[in-house]
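Residues: numbered from 1 along the sequence shown. From a predicted model like this one, the values you see are computed outputs, not experimental measurements. Both ligands and their constituent atoms are indexed starting at 1 by order of listing.
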Amino acid sequence: MPKFHALTPAAGSGARMGGDLPKQYLPLAGKPLLCHSLACLCRHPAIDRVFVVLAPGDREFAQHDWTPLGAKLEPLYCGGATRAASVFNGLMAANAAIDAEDWVLVHDAARPCLPFDALDRLITDLREEKTGGLLALPVVDTLKRGDAESYVVQTESRDNLWQAQTPQMFRYRLLLEALHATDPAAATDEARAVEQLGLRPKLVMGDTRNLKVTYPQDLALAELILRSL
Ligand code: CTP
Ligand code: MG
């Protein structure tokens, strides 16, 4: 039986957030933001190991007590220059613990409010799939294409358009092959790398609460969501 593992890239600098402390360590509801992002993964009974990819020079992780998250957690100090490089390096470093056909769920450190139900839906909906897939949300806003001066060029149809979230779940061997073949600067998510091999990841209904913390104003919303989960 293939196993399930999680891998969380947490080697970014949080440039859009600003400040000295990378956003994954900012305090959120009394804990580092990263702690919430990992907690949901550690809590799911199907998930075997939870790898967290840190920057090689990270000194912050070791300052915190992670024992409440249990024995599944394993830090890997091998982050790269881009998100895709961090994921690829982490997959390589975890090689001994993962079989080729095992599933890997890649989940951003920057998404601390993943509801357990959404994670469970992803695993349940994809475990019999060949390729894998991702949590995503149908686009609800009206879409405008603008020009360089921010004037509307036209209104775009939102039919069949989805916003990608994480986790994204693929087989270990496929993920390595896809990321190896891709340009790390262009691959903003794992699904895109897999698509470029000519495969079609499945879209699984995500959750609006699974927001990505990017700008300072996202923190207050994330805190409200965490308190309501
Ligand atoms: N990430 C990573 N290695 C990198 C860049 C990003 O592991 N070289 C991780 C981040 O830590 C984050 C996730 O990828 O959990 C999604 O990236 P993003 O939200 O863009 O985070 P940052 O790159 O840190 O933020 P910014 O783009 O504002 O600098
Ligand atoms: Mg980034």
Considering only Ile, Leu, Val, Met, Phe, Trp and Tyr, and joining two whenever side-chain heavy atoms are under 4.5 Å apart, list the other residues clustered with Tyr172.
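Members besides Tyr172, by chain and number: Leu7, Phe51, Val53, Leu76, Val87, Phe88, Leu91, Met92, Ile98, Val104, Val106, Phe170, Leu174, Leu175, Leu176, Leu179, Val194, Leu197, Leu199.
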
Cluster partners of Val140, using ILVMFWY side-chain heavy atoms under 4.5 angstrom, listed by chain and number?
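Traced through the cluster, Val140 reaches no other member.
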
Identify whether the distance between the nearest side-chain nitrogen and carboxylate oxygen of Arg173 and Glu177 falls below 4.0 Å.
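A salt bridge is absent here (no side-chain N lies under 4.0 Å from a carboxylate O).
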
Ion pair Arg83/Glu190, N-O distance below 4.0 Å:
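Counted as a salt bridge, because a side-chain N and a carboxylate O are separated by less than 4.0 Å.
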
So is Arg171 actually on top of Trp103's ring, under 6.0 Å and inside 45° of the axis?
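Satisfied, under 6.0 Å and within 45°.
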
Contact table, ligand 1 N/O with protein N/O, distance under 3.5 Å:
from     : atom 1 : to     : atom 2 : distance (Å)
ligand 1 : 3 (N)  : Ser86  : OG     : 2.7
ligand 1 : 7 (O)  : Ala10  : N      : 3.4
ligand 1 : 7 (O)  : Ala11  : N      : 2.9
ligand 1 : 7 (O)  : Ser86  : OG     : 3.3
ligand 1 : 8 (N)  : Gly80  : O      : 2.9
ligand 1 : 8 (N)  : Ala81  : O      : 3.3
ligand 1 : 8 (N)  : Thr82  : N      : 3.4
ligand 1 : 8 (N)  : Thr82  : O      : 3.4
ligand 1 : 11 (O) : Ala11  : N      : 3.4
ligand 1 : 11 (O) : Gly12  : N      : 3.0
ligand 1 : 15 (O) : Pro9   : O      : 2.9
ligand 1 : 15 (O) : Ala109 : N      : 3.1
ligand 1 : 15 (O) : Ala110 : N      : 3.3
ligand 1 : 19 (O) : Lys23  : NZ     : 2.8
ligand 1 : 19 (O) : Lys212 : NZ     : 3.3
ligand 1 : 20 (O) : Arg16  : NH2    : 3.0
ligand 1 : 21 (O) : Lys23  : NZ     : 3.3
ligand 1 : 24 (O) : Ser13  : N      : 3.2
ligand 1 : 24 (O) : Gly14  : N      : 2.8
ligand 1 : 27 (O) : Arg16  : NE     : 3.4
ligand 1 : 27 (O) : Arg16  : NH2    : 2.9
ligand 1 : 28 (O) : Ala15  : N      : 3.4
ligand 1 : 28 (O) : Arg16  : N      : 2.9
ligand 1 : 28 (O) : Arg16  : NE     : 2.9
ligand 1 : 29 (O) : Ala15  : N      : 2.7

Identify, with sequence neighbours excluded, every residue that meets side chain to side chain contact (heavy atoms under 4.5 Å, CB included) alongside Thr155.
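Listed in chain order: Thr142, Lys144.
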
